[in-house]
Structures are given as C-alpha cells and as structure tokens.
Chemist: 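To start, I am sharing the structure in question, which I have written as structure tokens.
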Amino acid sequence: MNERDLRNQIADVKAGRLSRREFVQRMIAVGLTAPMAGTMLAHSGVAFAAESIEYKPTKAGGGGPLKLLFWQAPTLLNPHFANGTKDQEACRLFYEPLAGWDADGNLVPILAAEIPTKENGLLAADGLSVTWKLKQGVKWHDGKPFTADDVIFNWEYSVNPDTAAVSVGSYRGIKSAEKIDDYTVKLTFKQTTPFWADAFVAAYGLIIPKHLFADYIGGKSREAPANLKPVGTGPYIYVDFKPGDSISAKRNPDYHQANRPYFDTVEVKGGGDAVSAARAVLQTGEYDYAYNLQVEDEILTKLEAGGQGKAQLTVTGHIEYIALNVTDPWTEVDGERASVKTKHPFFTDPAVRKAINLLIDRGSVQKFIYGRAGVATANFLNNPERFRSPNNKFEFSIDKANQILEEAGWKKNSSGVREKDGKPIKLVFQTSINAPRQKNQAIIKQAFQKAGIEVELKSVVASVFFSSDPANPDTYPHFYCDMEMYQTTMPQADPQFFMNQFTSWEVASKDNKWQGRNVSRWQNKDYDETYKQASSELDPVKRAALFVKLNDLVVQDNYILPEINRRNCIGLKNGMVANKSGWDNDLWQIANWYRET
C-alpha cells in the first residue's frame with residue numbers, strides 16, 4: 001500500500017464510505033497494529049471507538065480475595081523506577097495513567113475525561129501539542145483530589161536528570177506542560193510528534209501524587225517513603241509490601257468507577273519459579289493468575305491437562321536476546337566497571353561478534369524450549385509487522401564460526417581455547433534463574449566449546465537481576481559480565497519508545513544510577529540521527545522505513561543478538577475474566593477483573 005492509497009482510505013472512513021473497523025482490519029493485513037491504525041485515524045480527525053469493557057458485577061466488592069503470582073517478584077512500587085515489567089504490573093494495582101490501550105488498539109480513558117482528537121479540538125493538526133481533560137472527582141487514596149498539578153509534576157519529576165527515572169524517554173520530548181485549569185493540561189512538544197499518546201499513557205504513564213513526592217524530586221528521589229508505600233488513585237489500596245516477596249492490598253471504597261473493583265483484597269505472591277507458578281494456576285487452581293509463564297511448552301501443555309486453568313498467549317513485540325558488552329566489565333575506571341571509557345577486550349573484533357552470532361542455535365531454542373510461546377528471529381524489532389525488516393536472516397553454523405575465527409587470527413591453544421596476542425577468549429555469560437534460560441545457556445555453551453570459546457555460565461535470582469537497585473552489581477543494567485540474556489518488552493504498539501534503548505543518551509552508567517535503557521552501551525551516530533528523524537516523521541510509510549533502518553543498524557553490528565520473539569503467556573484460573581491487551585500491562589484493567597460464578 002502506498003501513501004496515496006492510505007490517504008484515500010482514511011478519507012473514505014471520514015466520509016462514511018468505509019467503516020472504522022474495516023479500515024483497522026485492512027491496516028492489520030498490511031502489517032500495522034490496531035493501535036497504529038487508530039492513531040492514524042485520530043490524526044485525521046476520526047475519533048477512537050473503544051468498546052466498553054466487559055463487566056458483569058452490579059456492585060463493588062463481594063468477590064473475596066484475588067490471588068496473583070509473580071515468580072519474578074516485584075521489588076519497588078514507584079512506576080518511574082519500574083525498569084522491570086513485574087514492577088510495572090505491581091504498580092498498576094495502585095497507580096493509573098490518563099489512558100491505556102485496549103486489545104483492538106483504541107485508547108481507553110482511565111484518568112482522562114475523554115481521548116484527545118482533532119474533532120474535539122484537543123489534538124493539534126501539526127503534531128506539536130495535545131490537550132488532556134482530566135476526570136473530575138478522582139481522589140488519591142489519602143483523600144486528596146487528583147488535579148492538573150499532579151500531571152504536570154510527573155513530567156517535571158521524570159525529566160529531572162537527578163531523579164534518574166526510567167520513564168524519562170516518554171517525557172523528554174515535552175517542551176512545556178501548561179495548566180489550563182484544575183482539570184485541563186496542555187502538552188507542547190519540542191518537535192512534531194506522531195506518537196503523541198506516549199507520555200501519561202499505559203505502562204510509563206502511571207501518575208504519582210505531587211503532594212507526597214514533591215519533596216523527593218531529583219537527588220532525593222530514592223528516599224521517598226511512598227516508593228514502598230504507594231498512594232495512588234487505583235482500585236486497590238496499599239496494605240503491606242515486602243520487596244521481593246509479597247504485596248497485600250484492599251479494595252478502594254472511593255474508586256472513581258462505579259461498582260468496581262469486584263475483589264475485596266489482592267494478594268501478590270512473588271518468588272519461586274515459572275513452572276511452580278504455572279502449576280499453581282493451571283494444575284492445582286491455588287492461584288487466580290500467573291505472570292509471564294516462561295515455561296518449556298511441553299511442560300505447560302501437561303500442566304494444562306490438570307483442568308484448573310489455561311495458558312493464554314498474545315502476540316507481542318517482546319524479544320528474548322543476548323547482548324554483548326561493548327565495554328570492559330573487568331576494568332574499573334573512576335569507580336565504575338563497564339564504563340563507556342573502556343572497550344571490551346574481544347568484542348571490538350567484528351570477527352568474534354560475527355562468529356558468536358553463528359553459534360546461537362535459534363531454531364533449536366524455539367523447537368525444544370519455547371514452542372508456541374516464541375518465534376526464532378534475527379530482528380530486534382518484530383512487531384508491528386510493518387516495521388519488521390526483511391533484510392536479516394539467522395544461521396547456525398559451528399563450521400563457519402570456526403573458519404571466521406581462524407581467518408581472523410584467533411588460534412586454538414593447547415587447551416583448545418582460541419587466543420590472540422596472548423588473550424584467550426574466556427567469557428562470563430549471565431541471565432536470570434529460569435529453567436528455559438538455563439537450558440538456552442547450556443545449548444549456547446555447547447556450541448561455543450566446539451568453536452574454542454570458553455564460557456562460564458552465571459545465573460542471578462530474578463528479583464535481583466531485574467532490580468533497579470543502583471547498589472547491587474548483579475542487576476542486568478550494571479552488566480558486569482561479557483554477555484547477558486533476558487527479555488525486553490515492548491509496552492506500546494508504536495516502536496518509538498522501544499527503539500530508544502539504543503540511543504546514546506540512554507546509556508546506563510554510574511551517573512544515571514544505571515537507570516539508562518541502553519544496557520549494552522552500544523552507540524552509533526547514524527542510529528541517533530535516524531531515531532530523531534523517525535520521532536518526528538508524520539508520514540507512516542516513511543516512518544516505517546526509518547524504523548527498519550534502526551533495526552538493521554543494531555542487529556547487523558552483531559553486538560545485539562535477537563533470539564526469540566516471545567508471546568505474552570499468562571495463566572488464568574477457570575472462571576476468571578480479565579480484559580487483556582497485547583499493547584498494555586496484564587493488569588491494565590485490574591479494576592474490571594471479576595470471577596464468573
């Protein structure tokens with residue numbers, strides 16, 4: 001589909017000759033997601049058409065306890081520090097954004113009174129501003145009113161560099177946030193912004209109260225008591241939190257949606273492993289929900305036979321990948337390991353990186369580990385399909401890897417380990433403790449050994465590995481090893497935020513308390529400039545081409561080695577009704593969850 005066809009179809013929707021639903025379906029057929037199609041229509045003056053969320057209970061409460069399992073245990077409850085999905089999910093019990101994404105790609109108002117469009121005059125045609133009207137009568141859990149001041153404060157809080165917020169990528173493009181009145185905020189962007197529904201929307205849009213965090217902005221951000229005792233506007237109120245272990249919450253009797261929430265209490269249990277979590281929902285029915293069931297598919301299928309629940313899979317942009325450290329993790333400079341002032345002793349040789357890429361058996365990882373829950377890929381950006389590059393393929397070949405290393409002068413020594421200039425290739429390869437990942441590590445180690453590369457495998461408990469604790473050297477953003485493997489999620493249907501994790505201004509370092517999203521420290525000037533172009537390009541066809549280029553720049557340098565495009569796999573006990581979206585957190589509509597009786 002070319003640009004002219006696209007514009008004609010949008011005109012047909014506006015004129016009533018084509019239904020909105022049919023337009024969205026056509027866009028999905030050519031590789032767009034429903035949210036992207038919806039955003040394009042919104043830019044053209046066609047309002048979102050979110051359908052009502054299914055909800056049968058006629059009164060709030062009475063549902064008893066809701067029991068959730070997070071085998072990757074939440075460690076904090078401030079959404080601006082939630083660099084792991086499990087922390088984002090936990091925050092969703094208490095905090096809310098202005099809007100979220102439904103399964104059909106419509107923006108659904110949550111703390112907003114309505115969704116901005118050109119028709120209602122809230123969305124600027126030039127892509128330079130958007131105005132949000134807030135729902136009135138919303139209270140924080142301590143009884144204070146939610147107002148425009150809270151919205152503006154969250155922008156100021158996130159972009160303050162000393163706050164070291166992981167959400168800063170969603171807010172950095174805002175030039176000003178103007179209070180029109182107590183319930184209206186106008187955001188003006190620094191440049192044309194095609195994806196205006198980023199700040200204050202979905203996972204990175206959760207809003208914290210100004211009156212409890214104003215004294216803890218900037219350098220004191222980690223000292224706020226509310227970091228561990230949240231006071232939000234959400235459907236559940238904080239009772240207790242044991243980081244890395246459990247969360248207790250109770251129903252918010254003043255919640256701003258009528259007859260909600262259904263459950264009287266929420267119990268979040270963390271820790272353990274994915275198999276135990278799957279068993280507790282699918283086989284024994286002890287829990288109602290299990291998060292991120294990264295379980296070998298063969299095991300998952302057997303557990304489903306228990307008859308207590310089902311695994312639910314959703315297509316996503318999530319990617320399980322291996323990062324090679326651009327910097328030297330074993331040398332300390334100015335009190336910092338893996339400093340950008342250093343270079344890795346082996347990976348600076350492109351031949352080593354290319355050989356390692358050939359030693360990853362992606363096909364076997366899909367076949368014998370992930371099954372229906374993942375697809376082997378050579379691309380980092382896999383969905384929406386329109387943004388998927390056709391230029392990359394993966395190959396597994398130990399022979400070719402050996403040949404490349406031999407020709408590059410890496411010879412095997414008496415121990416069978418390849419070395420050059422007296423430096424043998426010995427690597428430490430870490431990931432989180434998890435059976436599929438350990439099995440994946442073992443497959444890779446076996447191939448590496450056949451190519452003369454010595455590997456020490458390291459596994460870190462998930463609650464530590466995915467922690468944002470700046471004092472813990474075993475977190476994945478510290479990257480104090482040669483290689484590491486984990487999943488990075490794509491929390492929006494638009495790739496702009498997803499791909500900013502390779503920009504030079506997102507490098508994780510001591511200066512930003514390792515909160516930067518560029519964990520590998522890979523930097524490229526062409527990438528930075530292309531990213532800036534994509535961030536302001538309103539034409540959807542040109543914009544897609546720019547994101548394809550970004551993907552190719554990353555993966556073809558062989559520091560970032562994609563493995564599996566993961567499906568979102570959760571466990572739900574029979575009878576549970578949980579509105580789910582592949583473009584937002586699992587708990588985005590936790591206020592509307594209920595149990596069929």
Side-chain angles (χ1 to χ4, degrees), residues 28 33-35 51 53-56 63 66-72 85-86 88-90 92-93 100-106 108 202-203 262-263 266 268-269 272-320 366 369-375 382-383 434-436 487 489-493 564-596:
I28 292 173
T33 61
E51 296 180 1
I53 303 296
E54 179 186 3
Y55 188 73
K56 293 182 180 177
L66 173 64
K67 301 178 69 174
L68 312 176
L69 265 180
F70 283 77
W71 61 274
Q72 291 179 349
T85 307
K86 37 84 175 174
Q88 293 176 4
E89 296 282 6
R92 216 68 190 246
L93 290 172
W101 294 105
D102 73 7
D104 291 330
N106 295 295
V108 177
Y262 168 76
F263 294 100
V266 176
V268 176
K269 182 60 181 173
D273 56 65
V275 174
S276 298
R279 182 177 295 111
V281 175
L282 308 179
Q283 188 177 59
T284 68
E286 183 183 358
Y287 280 81
D288 298 302
Y289 157 94
Y291 152 91
N292 186 19
L293 293 184
Q294 192 174 9
V295 177
E296 292 173 54
D297 198 30
E298 182 180 0
I299 297 173
L300 205 57
T301 301
K302 290 179 180 177
L303 291 175
E304 285 180 307
Q308 293 296 315
K310 287 289 184 183
Q312 294 194 0
L313 294 110
T314 308
V315 173
T316 73
H318 305 345
I319 183 74
E320 184 84 11
Q366 175 184 335
I369 299 179
Y370 287 96
R372 58 188 157 147
V375 178
N382 289 274
N383 286 311
N434 167 273
Q487 172 186 256
T489 58
M490 187 173 177
Q492 300 160 325
I564 297 290
N565 173 210
R566 298 249 322 261
R567 303 292 188 250
N568 181 21
C569 182
I570 66 169
L572 276 183
K573 187 176 178 179
N574 293 339
M576 283 293 302
V577 179
N579 188 285
K580 198 161 171 283
S581 166
W583 314 113
D584 210 328
N585 293 130
D586 287 349
L587 305 190
W588 83 289
Q589 283 292 332
I590 187 72
N592 287 294
W593 284 27
Y594 66 96
R595 183 182 289 116
E596 294 276 15

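What you see below is based on every heavy atom in this structure, not just the backbone, and it leaves out hydrogens, waters and symmetry mates.
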Chemist: Please report the interatomic distance NZ(K302) to CD(E296), rounded to the nearest 0.5 Å.
Modeler: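 One gets 10.0 Å once the value is rounded to the nearest 0.5 Å.
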Chemist: Would you say the side chains of Y594 and E54 form a donor-acceptor pair under 3.5 Å?
Modeler: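 Judged by distance alone, the side chains do pair up.
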Chemist: Does L68 offer a backbone N or O that forms a donor-acceptor pair with the side chain of D288 under 3.5 Å?
Modeler: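 Such a contact is absent between D288 side chain and L68 backbone.
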Chemist: A280 and L69: which non-hydrogen atoms are nearest, and at how many Å?
Modeler: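 Result for this residue pair: CB-CD1, 3.5 Å.
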Chemist: Hey, could you give me the CD1/NZ distance between I570 and K580, rounded to the nearest 0.5 Å?
Modeler: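 Going from the CD1 atom of I570 to the NZ atom of K580 covers 4.5 Å.
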Chemist: Quick one: pull up CD in E596 and CE in M576 and give me the separation to the nearest 0.5 Å.
Modeler: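 Taking CD in E596 and CE in M576, the distance rounds to 10.5 Å.
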Chemist: Are any side-chain N or O atoms of D273 and backbone N or O atoms of V275, one a donor and one an acceptor, separated by less than 3.5 Å?
Modeler: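 Yes; judged by distance alone, with no hydrogens or angles, the pair exists.
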Chemist: Looking at E298, I want to see if its CD is surrounded by more than 12 non-hydrogen atoms of other residues, nucleotides or ligands under 6.0 Å.
Modeler: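 No, the 6.0 Å shell around CD holds no more than 12 heavy atoms from other groups.
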Chemist: Using modelled atom types and a 3.5 Å cut-off, is there a donor and acceptor pairing between side-chain atoms of E320 and backbone atoms of R566?
Modeler: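 Not confirmed, E320 side chain does not pair with R566 backbone.
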Chemist: Under the side chain to side chain contact (heavy atoms under 4.5 Å, CB included) criterion, do V108 and S581 qualify, and how do the steps go?
Modeler: CA-CA 11 Å; V108 177; S581 166; over 6 Å; no
Chemist: Run the numbers on Q294 and Q487 for side chain to side chain contact (heavy atoms under 4.5 Å, CB included), then give the verdict.
Modeler: CA-CA 10 Å; Q294 192 174 9; Q487 172 186 256; 6.0 Å; no
Chemist: So D584 and Q589, do their side chains get closer than 4.5 Å, heavy atoms only?
Modeler: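 No, side chains not in contact.
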Chemist: With the side chain counted from C-beta on, respond yes when N579 and W588 share a heavy-atom pair under 4.5 Å apart, and no when they do not.
Modeler: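 Contact flag for N579/W588 side chains = yes.
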Chemist: A side-chain contact here means heavy atoms from C-beta on lying under 4.5 Å apart; do F70 and E89 qualify?
Modeler: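 Yes, side chains in contact.
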Chemist: Look at the side chain of N565 and the backbone N and O of T316, then say whether any donor-acceptor pair between them is shorter than 3.5 Å.
Modeler: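 Answer holds: yes.
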Chemist: Are Y370 and P436 close enough that some pair of their side-chain heavy atoms sits under 4.5 Å apart?
Modeler: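 Heavy-atom side-chain distance check passes, below 4.5 Å.
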Chemist: For A278 and L303, work out which heavy atoms get closest and say how close.
Modeler: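 It is CB-CD1, 3.6 Å.
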Chemist: Taking the side chain as every heavy atom from C-beta outward, state whether V266 and I590 have any atom pair closer than 4.5 Å.
Modeler: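 Contact flag for V266/I590 side chains = no.
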Chemist: Looking at every non-hydrogen atom in both residues, tell me the closest pair between H318 and T489 and how far apart they are.
Modeler: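 Distance-wise, the nearest heavy atoms are ND1-CA, 3.4 Å.
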Chemist: Which heavy atom in V268 sits nearest to a heavy atom in L93, and how many Å separate them?
Modeler: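 Looking at all heavy atoms of both residues, the closest pair is CG2-CD1, 3.8 Å.
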Chemist: With heavy-atom distances below 4.5 Å as the criterion, would you say the side chains of Q308 and T284 are in contact?
Modeler: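 Answer no - side chains too far apart.
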Chemist: For R567, is there an ion pair with D297 - N to carboxylate O distance below 4.0 angstrom?
Modeler: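 Here D297 does not pair with R567 in a salt bridge, since their nearest N and O are not under 4.0 Å apart.
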Chemist: Looking at every heavy atom in both Q72 and Y291, which two are closest together, and how far apart are they?
Modeler: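 Minimum heavy-atom separation between Q72 and Y291: OE1-OH, 3.3 Å.
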Chemist: Taking side chain as C-beta onward, heavy atoms only, is Q312 less than 4.5 Å from D586?
Modeler: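 No, their side chains stay 4.5 Å or more apart.
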Chemist: Are the side chains of N292 and T85 in touch, meaning some heavy atoms are under 4.5 Å apart?
Modeler: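 No. Closest side-chain heavy atoms not under 4.5 Å.
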Chemist: Does the pair V577 and Y55 meet the rule for a side chain to side chain contact (heavy atoms under 4.5 Å, CB included), with working shown?
Modeler: CA-CA 8 Å; V577 179; Y55 188 73; over 6 Å; no
Chemist: Provide the closest heavy-atom pair for A290 versus A277 in the form atom of the first, atom of the second, distance.
Modeler: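 Answer, listing the atom of A290 first, then A277: CB-O, 3.7 Å.
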